[in-house]
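To start, the structure itself, in structure tokens.
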Amino acid sequence: MDMSKSIYLTTAIDYVNGHPHLGHAYEKILTDAIARFAHSCGNPVFFLTGVDEHGQKVQQTAEKRALSPLAYCDELAVVWSQFIEKLGICNNDYVRTTQPRHQKVVSAILNKLYKEGHFYKESYRGFYSAKEETFLTEKDRLPDGSFDPMYGEVTELIEDNYYFKLGEHQQWLIEYIESHPDFIYPESRKNEVLGFLKKEKLEDLCITRPVSRLSWGIPLPFDSEFVTYVWFDALINYMSIAAAHGDLQILKLLDLTPEDFPENGQEQMEIWPPDFQVIGKDIVKFHAVYWPIMLKAIGAPFPKRLIVHGWWQKNNQKMSKSTGNTVDPIAVINEWGLDAFRYYVLRELEVGPDGNWTDSGFETRYQVELANGLGNLVNRSLSMLNRYRDGIVPAKNDELKNETEIIVQNTFKSYQDIKIQGALIKIWELIYRANQYVDQTAPFKLAKQPEQAQRLDEVLYNLVEICRILAVILWPIIPETAEKIYSQLGLNTQPDLWSESFWGKLTPGHKVNKPMPLFPRRDLNKK
RNA sequence: CGCGGGGUGGAGCAGUUGGUAGCUCGCCAGGCUCAUAACCUGGAGGUCAGUGGUUCAAGUCCAUUCCCCGCAACCA
């Protein structure tokens, strides 16, 4: 692996004009787990997330509140970045599409593509709903030919706009996706995109909005009558931040220099291309079709993998603010703790399919898997070591070494394949095995028989060592808990490197600390 | 015929390249007492939606039918 280039991960950037919800939290935590695993493997990591701030809805809401759009965005940016912090995300940068560094890159790209003949200007005649501020298509017509009253008054309108030629890109994109089976994950999404590309003719993408209709956007550098369409603007964030951190490959491509980003100082990182771009299934088309075409036109290498995750429902119904069928991540974290939340969303579903949140499911996983499983194992292991050996780690012993190593390897492979749920299932096999081991060896009985002292030492070593290894392999998922385990083990290092998961790293004679419940048990009946 | 995803013991889910159907919860019985009234063992419970096919062998491949759920341009 090329160690000079960082593993580059991105999430979709969130549209600020909304409120952070479970879906946003899930995507961030999922990406965070992948990022932490990459770090754990010893790679430099660059993890980007951020917000998308342009567009009609922001402009409207700002107007309603008598604020400038930017002042309104400044307010929201705080809310969103606090949300990221609350989730324990280890991102290296936070992009806002209103930042000059981003706008510079968007302008550079627009200029380049314009000069190279990828755009053309054309008038569009269509039926426009002023109420919804959108053009309607034939598909929006009701069976009787009229438009739904929800669109208000619909008028026929002629509007000029710039378009990005996509037609010529359709064929190579199909071939690219077919010859790079890892490009879109999971496979079902890849098939969906291929199906679409093969069946439908790609229509040229409108990349502007007239200023008269929408002013809150990045001005088109070669025509002041227009601003850039939000999606064209938003997708570029992945590249603009690489440029802003001095990625020479991108700078050169866009004819920019590090001096164009004075706020960055002298930093020069190798970031591009992204290794993982994590998105929701709703925006597959933008990332699997428009985005590669944009990159091809720009001449930039493609992202390695697009990770498409599913959506959450609650109680098998679509989450919706209007019906109150929602999950507030902040409230859950405040009540149950960050790691319980992170664990649940990653354990509940594999990456790809939709998930279903239920409060009782969450509580059960907390109680059974975290409190009674992981928490109790660490607690009883450390407690016995303290009680029988004054907390001093006995001589090394390899009784469970093989079993543990197999599980650790399987877990590693699952992480590598982005099978996070699978990784957690395997990790819990180790927890069950360790609890079973306690029962089989009964250290509490050995402790009463002086002639069994050595056997007791062996058992205790195996238990404590497993607790330590668990911390290492769980760190990408539940970093706070992993660090707590290390701290209870009296270790002053961090469980953030996979190489720490090798058996036998706990040295005899080391003194551990007293255990504290990692996940305090709850009396669920009282709720 | 719009696209996609699903239908596996009471509930929620795993099932990699086809080879005796697993897990968690719940239920019943037993064991243990180090531990967060936690832990361990055993048991009951499924014709893997239906039908047809390929195969020595299919939940796992093919065909078809039924049912559920998302998506269909800015909502992760």
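Chain letters run A, B, ... following the sequence lines, proteins first and then strands; every chain starts at 1.
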Using both distances under 3.5 Å as the test, list the Watson-Crick or G-U wobble partner of [N], or none.
N	value
U17(B)	none
C48(B)	none
C71(B)	G2(B)
G42(B)	C28(B)
C34(B)	none

Verify the contact: side-chain N or O of [X] to OP1 or OP2 of [N], cut-off strictly under 4.0 Å; return yes or no.
X	N	result
Gln436(A)	U41(B)	yes
Arg433(A)	C40(B)	no
His24(A)	A76(B)	yes
Arg387(A)	C34(B)	no

Between [N] and [M], how far apart are the two [atom1] atoms, rounded to whole Å?
N	M	atom1	result
C61(B)	U16(B)	C1'	15 Å
G59(B)	G19(B)	C1'	13 Å
A35(B)	C48(B)	P	47 Å
U47(B)	U60(B)	P	16 Å
G26(B)	C32(B)	C1'	23 Å
G10(B)	U55(B)	C1'	35 Å
C71(B)	C25(B)	P	33 Å
G50(B)	C56(B)	C1'	26 Å

Reference residue Ser414(A); test side-chain hydrogen bond (donor to acceptor under 3.5 Å, both in side chains); the match among Lys426(A), Gln409(A), Lys419(A):
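Among Lys426(A), Gln409(A), Lys419(A), the one that satisfies the side-chain hydrogen bond (donor to acceptor under 3.5 Å, both in side chains) with Ser414(A) is Lys426(A).
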Starting at [atom1] of [X], measure out to [atom2] of [Y] and round the result to the nearest 0.5 Å.
X	Y	atom1	atom2	result
Ile218(A)	Thr97(A)	CD1	OG1	6.5 Å
Leu518(A)	Lys484(A)	CG	NZ	6.5 Å
Ile29(A)	Leu346(A)	CD1	CG	6.5 Å
Asp439(A)	Phe444(A)	CG	CZ	6.0 Å

Once you round it to whole Å, what is the distance between [atom2] of [N] and [atom1] of [X]?
X	N	atom1	atom2	result
Asn435(A)	C39(B)	CG	P	7 Å
Phe519(A)	C39(B)	CZ	C1'	18 Å
Trp357(A)	G12(B)	CH2	P	18 Å
Asn379(A)	A37(B)	CG	C1'	14 Å
Asn356(A)	C68(B)	CG	C1'	13 Å

Would you call Glu159(A) and Arg213(A) a salt bridge, taking side-chain N to carboxylate O under 4.0 Å as the test?
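Salt bridge present between Glu159(A) and Arg213(A).
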Residues Lys413(A) and Asp417(A) bridged, charged N to O under 4.0 Å
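Yes, Lys413(A) and Asp417(A) are salt-bridged.
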Checking contacts here: which listed nucleotide ([options]) is nearest the side-chain heavy atoms of [X]?
X	options	result
Asn372(A)	A38(B), A14(B), A73(B)	A38(B)
Ile425(A)	A14(B), U36(B), C34(B)	A14(B)
Lys281(A)	C34(B), U36(B), G70(B)	G70(B)
Pro517(A)	A73(B), U36(B), A76(B)	U36(B)
Leu518(A)	C74(B), A76(B), U36(B)	U36(B)

Between N or O atoms, less than 3.5 Å apart, protein on one side and nucleotides 24-31 of chain B on the other: list the pairs.
from   : atom 1 : to        : atom 2 : distance (Å)
G31(B) : N2     : Asp439(A) : OD1    : 3.3

For nucleotides 3-11 of chain B, which of its nitrogen or oxygen atoms have a protein nitrogen or oxygen under 3.5 Å away, and what is each distance?
from  : atom 1 : to        : atom 2 : distance (Å)
C3(B) : OP1    : Lys199(A) : NZ     : 3.1

Could you check whether Trp312(A) and the base of A76(B) form a stacked pair, meaning centres closer than 5.5 Å and planes differing by less than 30°?
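Answer is no, no stack.
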Under 3.5 Å side-chain donor-acceptor pair for Arg380(A) and Asn435(A):
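Yes.
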Answer with yes or no whether the side chains of Thr49(A) and Asn91(A) bring together a donor and an acceptor at under 3.5 Å.
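Not at all, the side chains of Asn91(A) and Thr49(A) share no donor-acceptor pair under 3.5 Å.
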Closer to the 5' end of RNA chain B via nearest nucleotide, is it Arg380(A) or Tyr437(A)?
Arg380(A)
Let me know which of Tyr343(A), Tyr344(A), Tyr366(A) forms a ring-ring contact (aromatic ring centres under 6.0 Å, His included) with Trp336(A).
Tyr366(A)
Val438(A) to Met384(A) - nearest heavy-atom pair and separation
CG1-CE, 4.1 Å
Does Asn376(A) make a side-chain donor-acceptor contact with the base of A35(B), cut-off 3.5 Å?
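For Asn376(A), whose side chain was compared with the base of A35(B), there is a donor-acceptor pair (under 3.5 Å).
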Any N or O donor-acceptor pair linking the side chain of Tyr229(A) to the base of C74(B) at under 3.5 Å?
yes
Per the under-4.0 Å heavy-atom filter, residues of residues 447-468 of chain A near RNA chain B come out as none
